[in-house]
Amino acid sequence: MKYRDTMGHIWWHVVEQQLLPGGHLIVNVASHFREKEYKPVKEWTLETILDLGLVLIEARFVPTPGLRDGQNSESRVGGEMVYLFRKES
């Protein structure tokens, strides 16, 4: 099973089986490069969770300048996204 499929199943389980109506979900996620190909993890995570019916309350970009050092630094993204969602009652 691919990473995206696995995460889609996990998000479904969290939203449908664990999160109570009126509950909040905070997600910290970053896109990345794999084998020099951009993987838009933050974009499809947002889309997946919205498709499951949660409402986006807030989205913040958090810079991570220290993660741009070291091996493959030119292939790293400059930060992460923190999303706050709410499940409707």
Side-chain angles (χ1 to χ4, degrees):
M1 183 177 275
K2 293 185 177 186
Y3 176 79
R4 184 174 179 170
D5 296 332
T6 300
M7 291 307 301
H9 179 74
I10 290 168
W11 291 130
W12 177 88
H13 182 79
V14 167
V15 171
E16 297 298 327
Q17 304 293 318
Q18 302 295 319
L19 191 61
L20 298 174
H24 290 86
L25 174 67
I26 298 172
V27 177
N28 179 352
V29 64
S31 295
H32 60 270
F33 287 86
R34 175 157 298 147
E35 297 176 5
K36 299 187 180 186
E37 181 181 340
Y38 180 73
K39 303 294 182 179
V41 179
K42 64 182 182 182
E43 291 88 348
W44 59 254
T45 297
L46 177 61
E47 179 182 330
T48 299
I49 294 173
L50 291 174
D51 286 347
L52 290 169
L54 296 189
V55 176
L56 179 64
I57 304 299
E58 189 171 350
R60 289 189 185 183
F61 180 76
V62 179
T64 54
L67 294 180
R68 296 192 56 84
D69 295 333
Q71 187 178 24
N72 302 320
S73 61
E74 70 284 350
S75 298
R76 296 187 186 179
V77 297
E80 303 173 345
M81 289 299 298
V82 178
Y83 298 119
L84 172 61
F85 300 94
R86 181 173 39 84
K87 185 174 184 177
E88 295 288 88
S89 300

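Numbers here simply count residues along the sequence, with the first being 1. Side-chain atoms are counted along with the backbone in the values below, which use heavy atoms only and exclude waters and symmetry mates.
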If I take atom [atom1] from residue [X] and atom [atom2] from residue [Y], how far apart are they, to the nearest 0.5 angstrom?
X: Leu54; Y: His24; atom1: CG; atom2: NE2; result: 10.5 Å
X: Tyr3; Y: Ile10; atom1: OH; atom2: CD1; result: 8.0 Å
X: Asp5; Y: Met7; atom1: CG; atom2: CE; result: 11.5 Å
X: Leu52; Y: Glu47; atom1: CG; atom2: CD; result: 10.5 Å
X: Leu25; Y: Arg86; atom1: CG; atom2: CZ; result: 12.5 Å
X: Glu58; Y: Ile26; atom1: CD; atom2: CD1; result: 9.5 Å

So, for Pro21 and Ser89, which heavy atoms are closest and what is the spacing to 0.1 Å?
->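 Distance-wise, the nearest heavy atoms are CB-CA, 3.7 Å.
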
What is the minimum heavy-atom distance between Gly79 and Ala30, and which atoms define it?
->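 Heavy atoms of Gly79 and Ala30 come nearest at O-CB, 3.9 Å.
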
Heavy-atom side-chain proximity of [X] to [Y] below 4.5 angstrom:
X: Val29; Y: Trp44; result: no
X: Ile57; Y: Val55; result: yes
X: Trp12; Y: Asp51; result: no

Donor-acceptor under 3.5 Å (Lys87 side chain, Leu19 main chain) |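 Yes, Lys87 side chain to Leu19 backbone: donor-acceptor pair under 3.5 Å.
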
For Lys42, does its backbone N or O pair with a side-chain atom of Tyr83 as donor and acceptor, under 3.5 Å?
->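 Flag set: sc Tyr83 to bb Lys42 pair under 3.5 Å.
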
Report whether [X] and [Y] are members of the same hydrophobic cluster (ILVMFWY, side-chain heavy atoms less than 4.5 Å apart, transitive linking).
X: Val14; Y: Leu56; result: yes
X: Val62; Y: Ile49; result: no
X: Val27; Y: Leu46; result: yes

